[in-house]
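Computed from a predicted structure; not experimentally measured.
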Amino acid sequence: MSKIKKEKIEAKGFSIEVYTEDFKNDYISLTDIAKYKNEDDLKFVIQNWMRNRNTLEFIGL
């Protein structure tokens with residue numbers, strides 16, 4: 001069973017959570033990053049990011 005460790009980093013005054021699974025995989029909270037752009041409506045920030053051509057190309061890799 002894998003052990004998930006949660007840490008926080010600070011960037012431009014915002015706290016972003018980073019999850020590490022057995023020091024093999026790191027996951028950064030997209031929701032925390034979206035708070036920097038629009039703290040009131042995170043849903044639209046993430047929707048626009050997921051529609052971006054560069055994002056789709058990156059996910060395709």
To the nearest 0.5 Å, atom CD1 of Ile16 lies from atom OG1 of Thr31 at 11.0 Å

So OG1 of Thr55 and CD1 of Ile46: to nearest 0.5 Å the spacing works out to 11.5 Å

Residues pairing under salt bridge (charged side-chain N to carboxylate O under 4.0 Å, His left out) where one sits in residues 32-42, two or more places apart or in two chains, turn out to be Asp32-Lys35

So salt bridge (charged side-chain N to carboxylate O under 4.0 Å, His left out) across residues 42-56, not counting sequence neighbours, yields Arg53-Glu57

### Message
Using the rule that Ile, Leu, Val, Met, Phe, Trp and Tyr join whenever any side-chain heavy atoms are under 4.5 Å apart, tell me whether Tyr19 and Ile28 fall into a single cluster.
### Response
no

Tell me whether Ser29 contacts the main-chain N or O of Glu17 through its side chain, where contact means a donor paired with an acceptor under 3.5 Å. no

### Query
Any side-chain heavy atom of Ile33 sitting closer than 4.5 Å to one from Trp49?
no

Cluster membership besides Leu56, Ile/Leu/Val/Met/Phe/Trp/Tyr side chains within less than 4.5 angstrom, sorted by chain and number, is none

Over 12 non-hydrogen atoms of neighbours within 6.0 angstrom of CZ in Phe14: yes

